A.B. asks: 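Have a look at this one before I ask anything.
Remember, it's a predicted structure, so these values are computed and weren't measured experimentally.
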Amino acid sequence: MEEKKIKDKSKLNSAFWLFRLTRTSVFILFFFCVLLFLFYLMGNYQNFMDKTQLLILTVLGFSSVLEVVLSFLGLVEIIFFMITNKFRVNNIFSLLFLILAFIISIIFVIYAVIIKRFATGV
């Protein structure tokens, strides 16, 4: 009986480790995308070169797509944890942050693609 409890705890700890990794990655990517967006806005006023602006938009687009994927995986993980485990307050805050990061990263993807299309003339 105790071996089963130990195995269940180890499965829960490994799953929690994966969730922490996903949440931390989304957190870092979120602030990286905000920073890139601010660099792009500052570059417009400080007359960055066109190639630099396109590079910032390209990196913003790729990192935002990665953030969308990781945010979606984090949402799936947290909903799974909320169903299988007890309903906790920190799960609600994580859920709200992941939803916010998901929505804002989709906006960044759309923004980067549209501005890049206008800038390249394609």
A.B. asks: Just to verify, what does Thr58 make a side chain to side chain donor-acceptor pair (under 3.5 Å) with, not counting sequence neighbours?
C.D. replies: Lys116
A.B. asks: Please table the atom pairs, donor to acceptor, closer than 3.5 Å between any side-chain atom in residues 61-74 and protein atoms at least two apart or in another chain.
C.D. replies:
from  : atom 1 : to    : atom 2 : distance (Å)
Ser63 : OG     : Val59 : O      : 2.9
Ser63 : OG     : Leu60 : O      : 3.2
Ser64 : OG     : Leu60 : O      : 2.7
Ser71 : OG     : Glu67 : O      : 2.7

A.B. asks: Same hydrophobic cluster for Phe80 and Val26, using side-chain heavy-atom links shorter than 4.5 Å among ILVMFWY?
C.D. replies: yes
A.B. asks: For residues 41-55, please give each side-chain donor-acceptor pair under 3.5 Å, one per line with the distance, not counting sequence neighbours.
C.D. replies:
from  : atom 1 : to    : atom 2 : distance (Å)
Asn44 : OD1    : Gln53 : NE2    : 2.7
Gln53 : NE2    : Tyr40 : O      : 3.4

A.B. asks: Enter the distance from Ser94:OG to Glu77:CD here, rounded to the nearest 0.5 Å.
C.D. replies: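 Going from the OG atom of Ser94 to the CD atom of Glu77 covers 11.0 Å.
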A.B. asks: Supply the atom-to-atom distance Ile114 CD1 to Leu57 CG, rounded to the nearest 0.5 angstrom.
C.D. replies: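 Rounded to the nearest 0.5 Å, the CD1-CG separation comes out at 11.5 Å.
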A.B. asks: Could you see if Ile103 belongs to whatever hydrophobic cluster contains Phe32? Use Ile, Leu, Val, Met, Phe, Trp, Tyr and a side-chain cutoff under 4.5 Å.
C.D. replies: yes
A.B. asks: Just to verify, what does Leu35 make a side-chain contact (heavy atoms from CB on, under 4.5 Å) with, not counting sequence neighbours?
C.D. replies: Phe39
A.B. asks: First locate atom CG of Leu75, then atom CG of Leu98, and finally report the distance between them rounded to the nearest 0.5 Å.
C.D. replies: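 Here the rounded value is 5.0 Å.
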A.B. asks: Is it true that Ile99 and Ile83 fall in one hydrophobic cluster, defined by side-chain heavy atoms closer than 4.5 Å?
C.D. replies: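 Result: yes, single cluster for both.
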A.B. asks: Would a hydrophobic clustering, with Ile, Leu, Val, Met, Phe, Trp and Tyr connected at side-chain separations under 4.5 Å, put Leu96 with Val34?
C.D. replies: yes
A.B. asks: Among pairs that include at least one residue of residues 95-122, which meet ring-ring contact (aromatic ring centres under 6.0 Å, His included), considering only residues two or more places apart or in two chains?
C.D. replies: Phe27-Phe97, Phe30-Phe97, Phe37-Phe108, Phe37-Tyr111
A.B. asks: List for me each residue that meets side-chain contact (heavy atoms from CB on, under 4.5 Å) alongside Leu100, sequence neighbours excluded, and say none if there are none.
C.D. replies: Ile104
